[in-house]
Amino acid sequence: MYTSGPSHLHNDSPPLPSPPPPPPPPPPPPPPFALDSYEYSTLTTGIPVNYSNQYNSPISTPPPPPPSPPAVNSHLSPVPWSTGLCDCFSDCSNCCLTCWCPCVSFGRIAEIVDRGSTSCGVSGALYTVILCLTGWSCLYSCFYRSKLRGQYFLEESPCADCCIHCWCEGCALCQEYRELQNRGFDLSIGWQGNMERHRRSGGVDVTPVEPQGMTR
């Protein structure tokens with residue numbers, strides 16, 4: 001005999017099992033190129049996860065380059081003149097020649113400084129023409145003082161070359177004349193005569209050397 005009442009209260013069948021949970025998603029594949037792990041995981045999943053220990057091998061940084069040697073100053077230091085600007089009376093013959101005929105002293109200086117490319121007569125005549133026409137031959141002679149200093153690395157003292165020749169033209173010519181004499185030149189025989197004398201005597205070469213990158 002059946003008891004009245006709801007049918008579900010008398011259901012003796014076992015309950016149905018719950019469905020299994022879904023499997024976890026597979027990890028993202030390694031990046032095909034060198035990309036920061038934080039950036040890669042953020043771009044692919046939207047979650048900042050660090051996968052550096054799983055996929056990114058440590059990148060070895062190259063060693064730093066060796067320290068470079070200190071720069072060496074290639075400019076030669078200027079040397080003082082062998083005689084002073086006011087030592088004109090140390091060579092009386094040159095002092096008298098420069099006082100009475102400055103064109104001759106300048107012509108001899110220019111021939112040695114130019115290494116024979118110009119003669120004493122041509123340089124002296126040009127000096128005289130400039131002196132007679134303009135009175136500013138010192139602007140021509142100061143160029144050779146600068147050229148002489150460049151050949152022998154001499155100091156620009158006591159002031160600029162143009163100032164020395166404008167204010168003390170005679171003293172400047174005497175100093176340059178004595179400087180070449182003290183370096184082994186006989187200015188009275190010219191460049192070719194000095195080279196011939198050097199070849200015969202086999203002495204020390206007195207030819208000036210052009211400086212490399214010398215600055216004033």
Taking atom [atom1] of [X] and atom [atom2] of [Y], what is their separation to the nearest 0.5 Å?
| X | Y | atom1 | atom2 | value |
| --- | --- | --- | --- | --- |
| R183 | R178 | CZ | CZ | 13.5 Å |
| H165 | C142 | NE2 | SG | 6.5 Å |
| E156 | S146 | CD | OG | 6.5 Å |
| C103 | L97 | SG | CG | 8.5 Å |
| E176 | L187 | CD | CG | 10.5 Å |
| E111 | S117 | CD | OG | 9.0 Å |

- Item | Whether F106 and Y144 hold their rings parallel, tilted or perpendicular, with breakpoints at 30° and 60° |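 Taking Y144 first and then F106, their aromatic rings stand perpendicular (interplane angle over 60°).
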Please determine whether residues [X] and [Y] belong to a single hydrophobic cluster, defined as Ile, Leu, Val, Met, Phe, Trp and Tyr linked transitively by side-chain heavy-atom distances below 4.5 Å.
| X | Y | result |
| --- | --- | --- |
| Y140 | I112 | yes |
| I109 | M195 | yes |
| Y127 | L180 | yes |
| V122 | L173 | no |
| I130 | F143 | yes |

- Message: Distance alone, cut at 3.5 Å: any donor-acceptor contact between the side chains of E169 and S141?
- Response: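 Checked: E169/S141 side chains pair up, N/O donor to acceptor below 3.5 Å.
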- Item | Pair Y177-R108, side-chain donor/acceptor within less than 3.5 Å |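 Side-chain D/A pair, Y177 to R108: present.
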Minimal non-hydrogen separation, [X] against [Y], with atom names:
| X | Y | answer |
| --- | --- | --- |
| A110 | T118 | O-OG1, 3.9 Å |
| T83 | Q175 | O-NE2, 3.0 Å |
| D91 | Q181 | OD2-OE1, 3.0 Å |
| I189 | N194 | CG1-ND2, 3.5 Å |
| T98 | S105 | OG1-OG, 2.9 Å |

- Task: Flag the pair Q151 / K147 as yes when at least one side-chain heavy-atom distance between them is below 4.5 Å, and no otherwise.
- Result: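 Result yes, sub-4.5 Å side-chain heavy-atom pair found.
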- Item | Sidechain N-carboxylate O distance under 4.0 Å for D161, R149 |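 So D161 pairs with R149 through a salt bridge.
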When you measure from the side chain of [X] to the backbone of [Y], do you find a donor-acceptor pair of N or O atoms at a distance under 3.5 Å?
| X | Y | value |
| --- | --- | --- |
| S123 | C120 | no |
| S157 | C159 | no |
| D186 | S188 | yes |

- Do R145 and W81 meet the cation-pi criteria used here (NZ or CZ under 6.0 Å from the six-membered ring centre, within 45° of the axis)?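 Yes, R145 sits over the ring of W81.
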- Positive for side chain to side chain contact (heavy atoms under 4.5 Å, CB included) with C174, one of C88, C86, C99: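 Among the candidates, only C88 passes.
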